[in-house]
Structure formats: C-alpha cells, structure tokens
Amino acid sequence: MVKNLSEEGSDKIDWDTEDELEIQEIQDAIFSSCRDLRTTGQHALSGDGEASSSSVPCRLSKFIQQFVVMGFSEESIAKAIEQNGENSDLVLDALLTFKVIEDSPAEQPTASPQLDPSISSDDSYSEYNENFLDDVYEEESWSSDSDNRICYLKDESSSLSENEQTLLSLANMGYPVEEVSIAMEICGKEASLAELTDFICAAQMSRAEDPYLPEDVKPKLKHISNDSGGYKKRKMFNQLCKGKKQRTIFDGDPISLPKPMIGFGVPTVSGPAMVRRTLPKKAVGPPFFYYENVALAPKGVWDRIASHLYDIEPEFVDSKYFCAAARKRGYIHNLPVEGRFPLLPLPPRTINEALPLSKRWWPSWDTREHLNCLQTAIGSARLTDRIRKAVEDVDGEPPMRVQKYVLEQCRKWNLVWVGRNKVAPLEPDEVEMLLGFPKNHTRGGGISRTDRYKSLGNSFQVDTVAYHLSVLKDLYPEGINVLSLFSGIGGAEVALYRLGIPLKNVVSVEKSEVNRNIVRSWRENTNQRGNLIDFDDVQQLNGDCLEQLIDSFGGFDLVIGGSPCNNLAGSNRVSRDGLEGKESSLFFEYPRILDLVKNIMSGGR
DNA sequence: CAGACTATGATTGCATAC
DNA sequence: GTATGCAATCATAGTCTG
C-alpha cells in the first residue's frame, strides 16, 4: 500500500493543477501573496554602506567621468559612489538601479521572508555577515534625472504590432520594458492599460531584496541608447520577449543559454518581478525533484537531459549572483518558482568583500571582481612562481604583455593576490565559504587536501540551490523526506538545513566513502534528528529497494541530485565524451529512479 | 601506496570586424 | 553571412615523494 506524503504537509500542496497545469498562481493569488510578503517580515538590511567613500576627491574625477559619459547625473553618481565605494561595477549597478526605481511608479522597498533566527545566526556563517550588508534602501538617495531609457523604441511605432504599441505606450510611461512584456503575457491581450499598470505595480512591490542590475546588462543599455538602427531595436525587443515565451523541447530549436544567466530570477538582480511557467503534465509531482549539471555542456546534452526529465526547460543560473565565484549550472526541477527567498546573510559577491585580506595586494590592473568557476584542481606552485618572477622583474606597473599573461593565468586558475607580487590558489576553507558550506565542512575525518578540492569542486553552490528550494519551507513545516542522489558533500542537505527545513528521513547515495563520512559527521555536529540511510551506488536502488524505503516512511517529498559532469565539463581535456561518457552516463540513473519513485508513490507499482 | 604536484587543449558561445 | 579573436570551463593522467 502506498502512503500519502508527509501527513502534515501534503494536504497543503496543490498537486492537482486542474487542466491548466499552472504551477504558478494567477494574478489574484500573486496580489495576495504580495501582501503576505509585505507583512511577514520586513527584514531591512542594515549596514554601513562601505565607509570607504566618505569623500569624493579630485582623483576620482576620471572615475566619475566614465559614468557621466553614460548619461548619468552627477548627483546620482555621487550617491552611488557614496554607497558602493570606488567599485565601478557596483556603482554602475547602483546607477542603473536608481534609474529603474525612479522610473517605477511604486518606489516601495520590499521585504523578504525572514529566516529562522536560529539558522541565520549560526556561528558558522555569522563571521562574515557584517561586511556585506549594504544598505541599498536609502529612499532619499533615489535622485531624479531625465528619462532616456526607452527612447530607442520611439521611432518604431509605425511598424509595430498592437502588442508592441501597448508595450511602447507603457514603456514611454516609464515602465521597464521587461516587466511590461511579462505583464502583457500574464494579463492577456485584452488587458487594459490600467490593468497592466496595476499588475506591474504589484509586481514591483513584491520584488524581494536588493534590486541590483546584472553587469551583463550595462553594455547593452549603453549600446542601445546610442543606437539608431531599426534592426537592432527590433532584435532587442524580440530578445526581451523571447525569454518569456513557452518553448517546447522538440520544436526544433536547441536549448540556448540565457543572458544574463539568472533563470527565473535571482535575489540580487532586478529582473521580471514574477514569472509563471507551465510544466508538462507528466512533470507535475509528487515528488518534487531537482536535477543539476554544468550549463556549458557539449551541444545537445541539455536537450537530451531535458527529454528524459519530462521536457522541462532547464533553469540556467550563474552563482556569481549569489557569491563571489561564477558557477554556471543548469537546473531542471518541478518546484514552484514564485515566493523564493534567499539564505541570509547574503554572501559577499565580490572578491574584495569575500577575501578582504587580498585587497591590500591587489594590483589596480587586475580588474577581476568575481572569481571564475571553482574547480576540482588548483594552480601549481610553479605557475605562481612564474607569475611572481614576471611581475617582480619590473618596477611599478608591468608592461601590457606581462599583465595580459598574468591576468590570463589568474583567470584560468582562480589565483588571488596574497602578498606583494604573490598570487596563490584559494585555500579549501575559502572554497567552502564561497560555496556556502560551514567552515571546515570538508576538513579532517580522513579526507586529504587534494580530495577536499575535488569534492568541493564537484559540489553545489549552497545559496543558489537553497534559493530554489526555499519554496519548500512553507509547504513542509514539519520537515521533509529526501532522496539525495550523487550527494557528494551534502550540498542539498546543507541548503535545506540552512533554510530551516527539518530533514526527517534522508536517503543518500554517494560513491565516495569520505564524502559519505563528511555528510554523516555534519549531521552529527548539527544535532539533527531524523534518519540518514546511506547507499554507495545508485544502481543498487531498484524497484524493490525503493518500495521498501517508501513504505517505511511514507514517500519522498524531494528527489534531488546532480549527476557526474566529468564527461561534460570543459576542463576535461581527456574524456569529454558527452552524456554517454563513463561517469556522466550515470545521469540515466536519475530519471530511472525518479520514475520508479513516482510510480511507487502514485500506486502504479 | 596515498597524497601532493604538475602539465596537458578543445569546445563552446559571444562580440567584433569585414 | 563569414572570419577572427576572446573568454570560460563541477578534469585526467602521469610523476614524484615520504
């Protein structure tokens, strides 16, 4: 006999999506949830706003100039510098943010749900949380200046369709184009301008967290505002709309990566305030599932992966929007995408903030503000020595040729400055921090340093995954049963724990013994109740075994895991063989097991 | 033998120039 | 449209050392 889901929580979950199969709520529900959001937890971020910029002396004039030529008012620039210091990226983000906010009719900063204090104040995470809680909600700092944001559409009206005309009207009223196009899609073609503006206002009010713009948008905005060609304008318009339209996997187009790579949204970027997606009927659970792998896989791999996971469109997200290191990953899941909230504190998102000790040694010509993807191997001592010699040989700033070489190597190996003319790979505990794990998570207990790098390099970025899983918190107040495949060092478990979602029964499958030990010892250290059941091979999980497990505690609420990327990852020079490769072909175990779980839980077996 | 250390490009997508 | 340059990338295999 097949059990219900967790008795307490399952009845709250609306798996029955009528015929529409809409996972997201309709407009009314969104409106009410916005109200809830606003009343449940005004967690005003407070901070000192980087005291580094108490004054703006003359030597900054060049720094300011670059923003003036982009068309920002000096007043805004001064404000942005005051809040962000001399970090050009952050200043530009802030300036774009001011513009968006000032253009929006509703300029109400919004709240985001609060975490359990017991979780967010965990000692493991509190030590770096004071440095990066910038106050981005200083309303009086939202200066006004002239609006030239959407003028590129103006001379196009004669050739535009009715929809485009509506979009143009609203854009001219100051509403961000992306939000208008979303509103038009959700409210329908017949929606009046008033309905659309109401919708957009509500959406803006519900937007959680700091409305930074992605850096990827900057050159585009600049480019477009200078552009007078109709072709490019139309192309831009199409791109804005393209991301929102429903796409089926077998319509001929291969899956392409979004730009910026923010999936259905990230807390640190102002994008479309809410999204709605339609899941294929067969994808609607139970259980919830969450699959992950590298975004930059060989051509066609994601199409194949998606075809085995109910043709769900992957959500591609770069973890650089969550931490100071890039991590471009694709996620296929059937989770709701509305009502997400991030783990607090928000981790530092620049190298400077994440590794403050490196600031002293960082040369001005090394313009990196983000680290690249944290991988499984580190740069060699010989390389750092070569770099030291190359930089040491010259007085002052090295010649361009040397700078280029050093920067190239630093980017390739994620080297950071740790002394005069001295670069070094990250330490394992720094990698742990960047990936959102507690310090020393992978330390000791029989694991070698080399294996620490390897296990960490193969792991989730916890904040990113937690953001996606956060929607489960309200659905399962009593906790969840998790089937964790390819668990590694327990990125999924750590994410759920940090979200404050109790782990009732965890069935964990992980080949590496040291990794299994890491997860087990982490559970003991954190005094978690509930059971942990280990397997070392996914192929052991057959129908009988799963049926027994499901019978014993009533089904899985979440099936989560990222299958091996060895044969997909770009760093692999030897055996990048695609999905059929030796390790990566284990992917097929994921849909196999997921289908079994689904069938058993629906009584189909 | 475990662990540390080191050398080893190709495949993508994108921007730009023509 | 085509050529070119640029940048990013959850790694593997061989060697050395204690």
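In what follows, chains carry the letters A, B, and so on, assigned in the order in which the sequence lines appear, proteins first and then strands, with residues in each chain numbered from 1.
Shown here are the side-chain hydrogen bond (donor to acceptor under 3.5 Å, both in side chains) partners of S455(A), two or more places apart in sequence or in another chain: N515(A). For the side-chain hydrogen bond (donor to acceptor under 3.5 Å, both in side chains) test, residues two or more places apart in sequence or in another chain that qualify with R443(A) are N440(A). Checked against ring-ring contact (aromatic ring centres under 6.0 Å, His included), F535(A) has no partners two or more places apart in sequence or in another chain. Scanning for salt bridge (charged side-chain N to carboxylate O under 4.0 Å, His left out) contacts around K328(A) gives D318(A), with sequence neighbours left out. The side chain to side chain contact (heavy atoms under 4.5 Å, CB included) test applied to V394(A) returns P398(A), P399(A), not counting sequence neighbours. Checked against side chain to side chain contact (heavy atoms under 4.5 Å, CB included), V538(A) has the following partners two or more places apart in sequence or in another chain: L485(A), F486(A), V509(A), L586(A), E589(A), I593(A).
Residue K328(A) places its side chain closer to dA8(C) than to any other of dA8(C), dA4(B), dC10(C). Minimum atom distance to the side chain of A381(A) is reached by dT6(B), of the listed dT12(C), dA8(C), dT6(B). With distances taken from any side-chain atom of A326(A) to the nucleotides dC10(C), dG3(B), dT9(C), the minimum falls on dT9(C). Across dT12(C), dC10(C), dA8(C), the shortest atom-to-atom separation from the side chain of S575(A) is found for dT12(C).
Among the heavy atoms of the strands lying under 4.0 Å from T376(A) is at least one base atom, whether or not backbone atoms are also near. Using a 4.0 Å heavy-atom cutoff across all strands shown, C373(A) reaches sugar-phosphate atoms only and no base atom. Note on R327(A): a base of the nucleic acid sits closer than 4.0 angstrom, heavy atoms only. Using a 4.0 Å heavy-atom distance criterion, S563(A) is classed as a base contact. E408(A) comes within 4.0 angstrom of nothing in the nucleic acid, heavy atoms only.
The CG atom of L568(A) sits 12 Å away from the C1' atom of dT9(C) (whole-angstrom rounding). dC10(C) atom P lies 11 Å from atom OH of Y331(A), rounded to whole Å. What separates CZ of R449(A) from P of dC5(B) is a distance of 7 Å, to the nearest Å. The interatomic distance linking D577(A) (CG) with dT12(C) (C1') rounds to 12 Å, in whole Å. One atom, CG of N372(A), and another, P of dA11(C), lie 13 Å apart when rounded to the nearest Å. Regarding K404(A), its NZ atom lies at a distance of 10 Å from the P atom of dG5(C), rounded to whole Å. In this structure, the NZ atom of K320(A) is 14 Å from the P atom of dA7(C), given to the nearest Å. Rounded to whole angstrom, the span from the NZ atom of K454(A) across to the P atom of dA11(C) amounts to 9 Å.
With C1' as the reference atom, dC10(C) and dC14(B) are 23 Å apart, rounded to whole Å. For the C1' atoms, the distance linking dT9(C) with dT8(B) amounts to 15 Å, nearest Å.
Side-chain atoms of K473(A) and F341(A), non-hydrogen and from C-beta on, do get closer than 4.5 Å to each other.
Between the side chains of Y290(A) and H468(A), at least one donor N or O lies within less than 3.5 Å of an accepting N or O. Side-chain atoms of Y453(A) and R449(A) form a donor-acceptor pair, as typed in the model, at a separation below 3.5 Å.
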Nucleotide-level pairing of DNA chain B, given in dot-bracket where Watson-Crick and G-U pairs need both distances under 3.5 Å and | marks other strands
||||||||.|||||||||
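Of the charged side-chain nitrogens involved, at least one lies within less than 4.0 Å of a carboxylate oxygen, so that E580(A) and R304(A) count as a salt-bridged pair.
The phosphate of dA15(B) has OP1 or OP2 within less than 4.0 Å of a side-chain N or O from K259(A). Applying the 4.0 Å criterion to OP1 and OP2 of dA11(C), one finds that Q375(A) has a side-chain N or O inside that range. Phosphate contact (OP1/OP2 of dA11(C), side-chain N/O of N566(A), threshold under 4.0 Å): absent.
Each salt bridge (charged side-chain N to carboxylate O under 4.0 Å, His left out) pair with one or both residues in residues 377-390 of chain A, not counting sequence neighbours, appears once here: D385(A)-R388(A), D385(A)-K389(A), R388(A)-E392(A).
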Tell me, for nucleotides 7-13 of chain B in 5' to 3' order, what letter each nucleotide earns: B for a base near a protein heavy atom under 4.0 Å, S for only sugar-phosphate near one, - for neither?
SBBBBSS
